[in-house]
Amino acid sequence: MPTRPDLAPEAGLSRDEMEPLQREIADAAVFEDDVRFDPAAITTPLEAAASADDSAPIVAGVDQSFLDDDRALSAVVATQAGEVIERAHAVTPLEIPYIPGLLAFREGGPILAALAELSVDPDLLLFDGSGRIHFRQAGIATHVGVVRDVPSVGVAKSLLCGEPTESTENLPAGTRVSIEANSRVDAPDGTLLGYAVQTRQYDSPNRHINPLYVSPGHRVGPETAADVVQALSSQYKLPEPVRLADSYAEEAKSLVE
DNA sequence: GCGACAG
DNA sequence: ATCTTGTCGC
């Protein structure tokens, strides 16, 4: 499967050009497993401690922080068998504001720049944001996954669109609820877009934690996407590579001016 | 016109 | 996303 630099998310396009481009992305995307590694081999440090795998899949988390009103810092943290093997970041100017549905055009440039700084090549990319759970089935995880032709997963903290098939209030840890397409999504009603995944939950009856909204980016099906996120979320709500990218995005600010 | 809306 | 006080629970 080829990379698609021609479909890169460029800020500078008009809105009337962005949306058709997203439909092309969705057409090029593969929303089922097409990976060259064993998803079951993705582990957390503790589980992997026994064997310091050189052959374990490389999973990278990606996240952004902001320096000004007009510069983004994108951070990538690559992990293997639960250990950090490389970190990279890039600072680029922000060209457009945040618009729901068009996030990839705001943050895609910085992300591609940070990925270019990475020397290892990841087997799987985890993004802070949606994949197929998107109006045109082309969230930032899908867009970057297709452009780079790397398996990817979207991990969002809130739901952009789509409809949970049952209540997602106070789900027990380890459970998931289907998210299906509704009228706001460019797919037949009822299409499985992803899952609300409860990676952590409090024991107490009052306070509770909201689920993550996990969806295929590219070359990963919804079940595998949810499985991988659960496998990588041991101690905290967010999967470890995303959490690490989150804190590195903050930490790397001091390395800039 | 009104509501919904990742980061 | 970012800012920031207050509150809950272990």
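By convention in this document, chain letters (A, B, ...) are assigned in the order of the sequence lines, proteins followed by strands, and residues within each chain are numbered from 1.
Not a single donor-acceptor pair under 3.5 Å links the side chain of Thr3(A) to the backbone N or O of Arg148(A).
Where DNA chain C meets chain A (any atom under 4.0 Å from a heavy atom), the bounding nucleotides read 5' to 3' are dA1(C) to dC10(C).
Helical stems in DNA chain C, defined as runs of 3 or more consecutive Watson-Crick or G-U wobble pairs with donor-acceptor distances under 3.5 Å: none found. For DNA chain B, if you chain together Watson-Crick or G-U pairs that step i with j, i+1 with j-1 and so on, you find no run of at least three with distances under 3.5 Å.
Under 4.0 angstrom from either OP1 or OP2 of dG7(B) there lies at least one side-chain N or O belonging to Ser158(A). Remark: Lys157(A) is in phosphate contact with dG7(B), judged by side-chain N or O atoms under 4.0 Å from OP1 or OP2.
Per the geometry, CD1 belonging to Ile133(A) stands 19 Å off P belonging to dA4(B), to the nearest Å. One can place OH of Tyr213(A) at 14 Å from C1' of dC5(B), the figure rounded to the nearest angstrom. Between Ile99(A) atom CD1 and dA4(B) atom C1' there is a gap of 15 Å when expressed in whole angstrom units. Across the protein-nucleic acid pair, Arg71(A) atom CZ and dG7(B) atom P stand 24 Å apart, rounded to whole Å. To the nearest angstrom, P of dG7(B) lies 11 Å from CG of Asp246(A). If you take CG of Leu103(A) and P of dG7(B), they are 8 Å apart, rounded to a whole angstrom. Atom CG in Leu67(A) sits roughly 16 Å away from atom C1' in dG7(B) (whole-Å rounding). Counting to the nearest Å, the C1' atom of dG7(B) and the CD1 atom of Ile140(A) are 8 Å from each other.
Nucleic acid contact for Phe66(A): sugar-phosphate only, since backbone atoms but no base atoms lie under 4.0 Å from a heavy atom of the residue. Using a 4.0 Å heavy-atom criterion, one finds that Ile111(A) contacts no nucleic acid atom at all. Within the nucleic acid shown, Ser204(A) comes within 4.0 Å of sugar-phosphate atoms alone, with no base atom in reach, counting heavy atoms only. Note on Gly154(A): nothing from the nucleic acid sits closer than 4.0 angstrom, heavy atoms only.
Taking a cutoff of 4.0 Å between a charged side-chain nitrogen and a carboxylate oxygen, Arg87(A) and Glu117(A) do not qualify as a salt bridge. Residues Arg243(A) and Asp246(A) are not paired through a salt bridge, judged by the lack of any N-O separation under 4.0 Å between the basic side chain and the carboxylate.
Looking at heavy atoms from C-beta onward, Tyr213(A) lies in side-chain contact with Ile179(A) at the 4.5 angstrom threshold.
Checking Asp149(A), Asp33(A), Asp123(A) one by one against Arg219(A), the salt bridge (Lys or Arg N to Asp or Glu O under 4.0 Å) holds for a single residue, Asp149(A). The only member of Ile140(A), Leu160(A), Ile96(A) that meets side-chain contact (heavy atoms from CB on, under 4.5 Å) when paired with Leu103(A) is Ile140(A). Under the side-chain contact (heavy atoms from CB on, under 4.5 Å) rule, Gln64(A) has a single partner from Leu94(A), Leu73(A), Ile111(A), Asp128(A), which is Ile111(A). Exactly one of Leu212(A), Leu126(A), Val62(A) qualifies for a side-chain contact (heavy atoms from CB on, under 4.5 Å) with Val242(A). That residue is Leu126(A).
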**Candidate pair Val220(A) and Glu32(A), rule side-chain contact (heavy atoms from CB on, under 4.5 Å), full reasoning** = CA-CA 5 Å; Val220(A) 176; Glu32(A) 57 188 49; over 6 Å; no
**Message:** With side-chain contact (heavy atoms from CB on, under 4.5 Å) as the criterion, how do Asn210(A) and Thr168(A) come out once you've worked through the C-alpha distance, each side chain's angles and the decisive distance to 0.1 Å?
**Reply:** CA-CA 8 Å; Asn210(A) 295 134; Thr168(A) 57; over 6 Å; no
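When each of Asp203(A) and Glu250(A) is assigned the nucleotide of DNA chain C bearing its nearest heavy atom, the one mapping closer to the 5' terminus is Glu250(A).
For Phe105(A) and His143(A), the distance between ring centers is under 6.0 angstrom.
In this model, no donor atom of one side chain and acceptor atom of the other lie less than 3.5 Å apart for Glu240(A) and Ser233(A).
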